[in-house]
Amino acid sequence: MSFQQPITLYSKDNYAIAQQNRQIPTFPTQKELREGIECHIPILLCHDYEHPHVFLFSTPEANGLFHFPIIRANNNFTMRTESLEPWVGEQCNTIQVLKKVACLYRPSLDPRFYPYIPPHCTSPRQTLHFYVCELPEHLTFTVPQGVQLKCAPLFDLLANAGRYTPECYHIPASISRESQSWRCK
């Protein structure tokens, strides 16, 4: 399971952040979780000294935790770059969605995710689909006012799990399967 073409990772110094006064995207509510919700999550990659990093966001309702951008969807959804507009801004069309790398399931309302549907669960409360996205060489992230953007190294997602939401813990293993396919510029 590897990419047909290598993913090009550009230096994190090539990316800028601008804040804009618009509505902040929200987390899934408890009601949505009880009914079952499907979310699609783009993994925005870059590098710093040839070590892969991911862009994470922190909203005021996340209580200081950093998380991936979450896109709510129905069963017929296909990950497109237009879906990233609430998180990235108008330049979202320059981002290329490459491949689905992971799928995690939350069988109940506890914070744990599993890479499989447990046998006792008929339908999971939450399903997360993770997609690797290739960023252009230069991009200005236009984030809503009050949202913080952080570029975190992959090892930090495991070493400091308390700073990130539970789904972040599974990403280094999923992405590391593709590590031979990276090209840093």
Side-chain angles (χ1 to χ4, degrees), residues 9-48 52-74 76-98 100-102 104 106 109 111 113 125-154 156-157 160-172 175:
L9 302 181
Y10 296 102
S11 174
K12 72 175 188 175
D13 298 331
N14 292 356
Y15 303 106
I17 302 168
Q19 293 210 335
Q20 191 178 44
N21 199 8
R22 65 172 192 260
Q23 185 179 358
I24 297 174
T26 58
F27 278 119
T29 63
Q30 288 295 332
K31 182 179 183 248
E32 289 174 316
L33 289 176
R34 270 189 238 101
E35 294 170 357
I37 185 170
E38 194 162 321
C39 299
H40 297 263
I41 299 178
I43 302 171
L44 307 172
L45 291 166
C46 65
H47 80 87
D48 190 24
H53 285 56
V54 291
F55 283 103
L56 299 168
F57 297 84
S58 179
T59 56
E61 68 179 28
N63 298 327
L65 295 178
F66 285 90
H67 57 86
F68 288 103
I70 296 173
I71 300 163
R72 294 182 200 145
N74 57 20
N76 301 328
F77 179 82
T78 55
M79 183 67 177
R80 293 189 313 272
T81 56
E82 295 84 31
S83 312
L84 293 170
E85 189 170 347
W87 293 99
V88 179
E90 292 81 32
Q91 293 183 353
C92 63
N93 293 328
T94 59
I95 297 172
Q96 184 180 4
V97 178
L98 296 180
K100 182 176 175 179
V101 292
L104 298 177
R106 181 185 287 187
L109 295 177
F113 284 95
R125 297 283 183 203
Q126 188 175 12
T127 304
L128 301 178
H129 302 275
F130 290 90
Y131 298 85
V132 168
C133 297
E134 186 174 82
L135 295 173
E137 187 171 0
H138 298 282
L139 178 74
T140 300
F141 287 96
T142 310
V143 297
Q145 203 78 20
V147 172
Q148 295 177 351
L149 181 66
K150 177 182 183 173
C151 188
L154 287 182
D156 199 35
L157 298 180
N160 297 313
R163 280 201 261 164
Y164 307 106
T165 53
E167 67 270 10
C168 295
Y169 185 79
H170 295 274
I171 295 310
I175 292 180

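What you are looking at is a predicted structure, and each value in this text was computed from that prediction instead of being measured.
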### Task
Give, for atom CD of Gln20 and atom CD of Gln145, the distance between the pair rounded to the nearest 0.5 Å.
9.5 Å
### Query
Under the side-chain contact (heavy atoms from CB on, under 4.5 Å) criterion, do Phe68 and Ile171 qualify, and how do the steps go?
CA-CA 10 Å; Phe68 288 103; Ile171 295 310; 3.5 Å; yes
### Task
Apply the side-chain contact (heavy atoms from CB on, under 4.5 Å) test between Ile43 and each candidate in Val101, Leu98, Leu56; give the one that qualifies.
Val101
### Task
Find the distance between CG (Asp48) and CG (Leu9) and round it off to the nearest 0.5 Å.
11.5 Å
### Query
Looking at side-chain heavy atoms only, is the closest gap between Pro42 and Val97 below 4.5 Å?
no
### Side-chain donor/acceptor of Tyr10 to backbone N/O of Glu134, under 3.5 Å
no
### Task
Give, for atom CZ of Phe113 and atom SG of Cys168, the distance between the pair rounded to the nearest 0.5 Å.
9.5 Å
### Query
Roughly how far apart are Thr94 OG1 and Leu135 CG, rounded to 0.5 Å?
8.0 Å
#### Entry: Interatomic spacing from CD1 in Ile41 to CD in Glu167 - rounded to 0.5 Å
5.0 Å
### Message
With heavy-atom distances below 4.5 Å as the criterion, would you say the side chains of Leu45 and Val54 are in contact?
### Response
yes
### Message
Between Thr140 (side chain only) and Ile17 (backbone N and O only), is there a donor and an acceptor less than 3.5 Å apart?
### Response
no
### Query
If you take all heavy atoms of Lys12 and Cys46, which pair is closest and at what distance?
CB-SG, 3.6 Å
#### Entry: Any side-chain heavy-atom pair of Cys39 and Gln126 under 4.5 Å
yes
#### Entry: Spatial distance of atom NE2 (His47) from atom CG (Leu154) [nearest 0.5 Å]
13.0 Å
### Ring geometry between Phe141 and Phe57 (parallel below 30°, tilted from 30 to 60°, perpendicular above 60°)
perpendicular
#### Entry: Minimal non-hydrogen separation, His67 against Thr165, with atom names
CB-OG1, 3.3 Å
### Message
Which label fits His40 and His129: parallel for a plane angle under 30°, tilted from 30 to 60°, or perpendicular past 60°?
### Response
parallel
### Task
Side-chain contact test, heavy atoms from C-beta onward, threshold under 4.5 Å: evaluate it for Leu149 versus Tyr15 and give yes or no.
no
### Query
So, do Leu139 and Val88 sit near enough that their side-chain heavy atoms are less than 4.5 Å apart?
yes
### Query
Are any non-hydrogen side-chain atoms of Asp156 and Arg163 less than 4.5 angstrom apart?
yes
#### Entry: Any donor-acceptor N/O pair, Gln19 side chain to Val147 backbone, under 3.5 Å
yes
